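Below, chain A is the first sequence line, B the second, and so on; all start at residue 1. Everything quoted here is computed from the prediction, not taken from an experiment.
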Amino acid sequence: MPHRSSVPLAWRRFEARYRLVGNRCANCGTVYFPPKAICPKCRRKGKLEKCQLKGEGKVYSYTIIHAAPSGFEKRVPYCIAIIELDEGPRVMGEVVGDLALLDIGARVRAVFRKIYEDGEDGIIHYGLKWELV
Amino acid sequence: MKLDGKVGIVGYGCYVPMYRIKVEEIASVWGEDASRIKNGLLVEEKAIAGDDEDTATIAVEAARNAIKRASIAPEQIGAIYVGSESHPYVVKPTATIVGEALGVGNDYTAADLEFACKAGTAGIQMCLGLVKAGMIDYGLAIGADTAQGAPGDALEYTAASGGAAFVIGRKDVLAKVLATASFSSDTPDFWRRPFQHYPRHAARFTGAPAYFRHVGGAVNFLLEEMGMKANEFDHVVFHMPNGKFPLRMAKMLGIEKDKLENGFVVSKVGNTYSGSSLLGLCATLDKAKPGELILLASFGSGAGSDAFAIEVTELIEEKRELAPTFEYYLNRKVYVSYARYAKMRGKLKE
Ligand SMILES: [Zn+2]
């Protein structure tokens with residue numbers, strides 16, 4: 001069961017995984033997701049603040065998965081994409097919805113979904129996926 | 001249970017998964033006559049959750065829409081109640097997953113509720129009480145389900161997935177809740193024991209002694225309290241286990257059929273259990289005009305009904321635009337085969 005992950009580790013990541021909370025440098029305005037510890041552009045002059053991303057963006061690049069890692073077999077074929085968020089950062093995630101609309105540049109919005117289950121008796125991991133709109 | 005005329009709905013939102021299966025598709029698998037079933041149930045197709053959706057994800061999507069309409073910060077919510085009979089965990093609340101996903105913080109009370117298909121309306125009553133008592137500013141009540149019928153059972157044609165969420169408060173109310181009344185009794189019309197995958201029901205017993213007695217009873221208690229007649233309401237929403245029951249209930253109460261029209265969601269999405277009457281209320285609020293009166297009555301097997309008298313305010317017109325309507329979700333659909341449906345909903349077990 002390669003996905004059986006640590007419960008405390010999953011729990012510490014809820015904020016980023018559930019809500020797309022990143023950070024924004026008050027000095028240069030760059031938005032980071034996942035949040036960074038320091039602004040690489042401004043270094044010591046940077047000032048990072050929590051920032052709620054809107055959850056809208058477009059498909060930057062994608063691939064269709066036919067041979068899935070263990071735990072995801074039932075979902076094939078599915079689409080993993082790099083999403084360019086309207087605020088700038090790029091994130092990787094699964095694209096869901098009517099895949100007939102899938103294309104580079106297609107608009108997507110964040111939706112709350114089940115990512116995987118740690119077997120029949122483990123915790124359920126939730127997070128964001130990207131629905132074509 | 002009379003209220004002060006100030007407490008009510010400040011935000012509402014719904015969510016219906018995008019997958020649909022037609023009655024014809026299910027009937028062809030079991031060798032049944034689809035047109036006879038459609039005429040009997042008044043259901044044409046039903047909504048199915050994807051394999052990455054469950055009651056928690058449906059609740060979160062509906063709640064996000066409700067909060068958009070409420071135009072409040074999630075941290076202002078003081079209570080979260082999720083009513084469902086398909087909570088993803090037996091032990092571990094759905095309500096806290098919703099709270100975390102919305103960013104409510106930690107300063108809130110929460111619980112999962114279970115009362116067959118009426119747990120969502122019970123959550124609304126609890127929020128109304130807490131707000132009226134001044135204990136919280138805003139409460140979030142959700143009804144959501146991913147209902148399933150056993151393969152080949154008549155329930156398979158109707159058991160559907162969906163949900164609706166309501167932010168209850170007293171500031172900027174888009175619909176005042178004037179009064180609420182309930183009718184409850186110990187009636188074993190439908191049940192599911194621990195470790196059982198599918199529910200059982202007492203077939204014909206679900207009608208007269210269960211649905212009609214309880215919905216009719218709650219509505220009559222409400223009308224008595226309000227000193228009103230049933231036909232004084234502009235819109236009516238009853239729990240929709242199928243299309244026939246709410247129509248017959250309306251006839252029994254002397255309500256014209258067309259008053260059910262806006263909230264008659266069952267024919268295209270099926271019975272979404274705890275989401276059913278609440279999705280109907282969302283669809284009705286999407287269309288209602290300021291000053292109109294809505295009669296809502298849920299039904300939960302086991303059994304009980306919660307009835308509400310709701311008056312739409314001026315704010316409805318601007319707030320309705322702030323989130324996707326029921327019609328948006330109705331038109332966002334992809335049809336699936338029975339085989340794909342069985343795979344998605346885990347009906348295939350080795
Ligand atoms: Zn910077």
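Other residues, nucleotides and ligands contribute over 12 non-hydrogen atoms within 6.0 Å of the NZ atom of A:K114. A:K36 NZ: 12 or fewer foreign heavy atoms inside a 6.0 Å radius. More than 12 heavy atoms of other residues, nucleotides or ligands shown are found within 6.0 angstrom of NZ on B:K68. A 6.0 Å sphere centred on CG of B:D107 holds no more than 12 heavy atoms belonging to other residues, nucleotides or ligands. The number of heavy-atom neighbours closer than 6.0 Å to CD of A:Q52, taken from other residues, nucleotides and ligands shown, is above 12. The environment of B:K92 atom NZ is dense: over 12 non-hydrogen atoms of other residues, nucleotides or ligands sit within 6.0 angstrom.
Contacts of A:L128 with chain B are made by side-chain atoms alone, with heavy-atom separations under 4.5 Å and no backbone atom involved. Looking at B:D51, the atoms closer than 4.5 Å to chain A (heavy atoms on both sides) sit in the backbone and in the side chain alike. Only the side chain of A:V96 comes within contact range of chain B, with at least one heavy atom under 4.5 Å from a heavy atom of that chain.
We find that B:E61 and A:K129 are not joined by a salt bridge, their nearest charged nitrogen and carboxylate oxygen being 4.0 Å or further apart.
With hydrogens and angles disregarded, no donor-acceptor distance shorter than 3.5 Å links the side chain of A:R113 to the backbone of B:T57. Checking side-chain atoms of A:K74 against main-chain N and O of B:K343 turns up no donor-acceptor pair under 3.5 Å.
Of the candidates B:L102, B:I58, B:V98, B:V60, B:V60 is the only one forming a side-chain contact (heavy atoms from CB on, under 4.5 Å) with A:F112.
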- Task: Could you please spell out the steps behind the side chain to side chain contact (heavy atoms under 4.5 Å, CB included) verdict for A:E131 and B:R332?
- Result: CA-CA 11 Å; A:E131 183 177 308; B:R332 164 189 167 275; 2.7 Å; yes

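Here CZ of A:F14 is found 8.0 Å from CD1 of B:I97. Values are rounded to the nearest 0.5 Å. From A:R17, atom CZ reaches atom CD of B:E100 across 12.5 Å, with rounding to the nearest 0.5 Å.
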